[in-house]
Amino acid sequence: MTEIQQTRRKKRIFSGMQPSGEAHLGNYLGALRRWVSMQDEYDCVWCIVDDHAITSGGDPVDMPSSVFDLAVSFLAVGLDPERSIIFVQSDVHEHTELAWLFNAVTPVGDLERMTQYKDKAQHFESIPAGILNYPILQAADILLYKADAVPVGEDQRQHLELTREVARKFNARYGETFPITEPLIGEDVGRILGLDGDTKMSKSLGNTVGILAEPDAVWDRVRTAVTDPQRVRREDPGRPEVCNVFSLHRFFTDENARTDIDAGCRSAELGCVDCKRILSDNIEISFAPYRERAAHYRAHPNEVGYVLDQGAERARTIASETMEEVRHKMGLQWRNALL
Ligand code: TRP
């Protein structure tokens, strides 16, 4: 039996994350903790999308360690190579190949309508085509594995819609080939703000904290977090409902303790620094097992290499089957047709 047939009993999901080094709180809350919990129910493919990352123009020298550190984060939080395929996009050349072929069925107008494209394009005087074509590569990632569904945040809904459109167009023109992949939009953690209380958590904005950070480093970041702006002095009562630190407690602090924090904040018995200390301690406790596992993988980089090699091999098995079908349908197998 081929890998596709063996694994088709469960629904297949695919998701990708750009390699920007060690995962941070936003990656964890928005994606990773959900991915970990999906591994029994679904046949999962998790990809570190370095081919996507080149469109943002980072220094090539940093790429290998960014990929490695994200892989360590994946394994540390519990993405499990026994149950899931975990691999690096550039190790499986079929991604870029299929993306090229999808150019044939993707209207430029659809790409130009993407809000992420419009946002990113503003930062360039001369817009690289890769920024425009980014969602085609994303469609290729997903459809190469004929994924039934994709767990993503609200911010990727439009890219998923484009993926579905690419599948529909391809099927209409070349015959039924791809599923119309469903988005599995998580709870809207896109609205969890960074520690600045102002913008979405992102490493480049420096408003988050690495999930593998040492306790002192966690506290260093969390103590700078912005709280209720109207609570200026220690003795001012606070409003937990508008406080970003309070909203973060919901992921790390149990309900009873949160009830106490809520009351203490409103009565001003509990200061913001105390409240942040509790948050920081609870983050440290929650992530301690991840730090431990990460230390193991950092000390044994070959184990990470092995996992990614195995993952790429399994991914390639599926990808090459899809590509064979696609090339055939698109008339790109002249030898088979004629000789
Ligand atoms: N564009 C996604 C992001 O920035 C990353 C990504 C690439 C992805 N390929 C994907 C997500 C395929 C889901 C499925 O978050």
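Heavy atoms only: backbone and side chains are in, while hydrogens, waters and symmetry mates are out. First listed ligand is number 1; within each ligand, the first listed atom is number 1.
In this structure, the side chains of Pro107 and Lys169 come closer than 4.5 Å at one or more pairs of heavy atoms.
Gln158 and Thr115 form a side-chain donor-acceptor contact under 3.5 Å, judged by distance and modelled atom types alone. Side chains of Thr199 and Asn207: a donor-acceptor N/O pair is present below 3.5 angstrom, by distance only.
Taking a cut-off of under 4.0 Å to the non-hydrogen atoms of Val49, the atoms of ligand 1 that pass are 7 (C), 9 (N). The ligand atoms of ligand 1 that sit less than 4.0 angstrom from a heavy atom of Val150 are 13 (C), 14 (C). Counting atoms of ligand 1 from 1 in the listed order, those under 4.0 Å from a heavy atom of Tyr134 are 1 (N), 2 (C), 3 (C), 4 (O), 5 (C).
Of all protein heavy atoms, the one closest to atom 5 (C) of ligand 1 is Gly16 O, 3.6 Å. What sits closest to atom 15 (O) of ligand 1 on the protein, heavy atoms only, is Gln156 NE2, 3.7 Å. Protein heavy atom at the shortest distance from atom 9 (N) of ligand 1 is Asp141 OD2, 2.7 Å.
The closest non-hydrogen atom to atom 8 (C) of ligand 1, taken over Gln116, His52, Gln138, comes from Gln138.
By the criterion of a heavy-atom distance under 4.0 Å, the side chain of Val152, and not its backbone, is placed next to ligand 1. Counting heavy atoms under 4.0 Å from ligand 1, residue Ile142 touches it through the side chain alone.
Salt bridge status for Asp274 with Arg277: absent, with no side-chain N to carboxylate O gap under 4.0 Å.
Between His159 and ligand 1, no N or O atom pair is found at a separation short of 3.5 Å.
Taking the six-membered ring where the residue is Trp, the centroids of Phe287 and Phe252 are separated by under 6.0 Å. In this structure, His95 has its ring center under 6.0 Å from that of Tyr145. If you look at Tyr28 and Phe251, their ring centroids are not closer than 6.0 Å.
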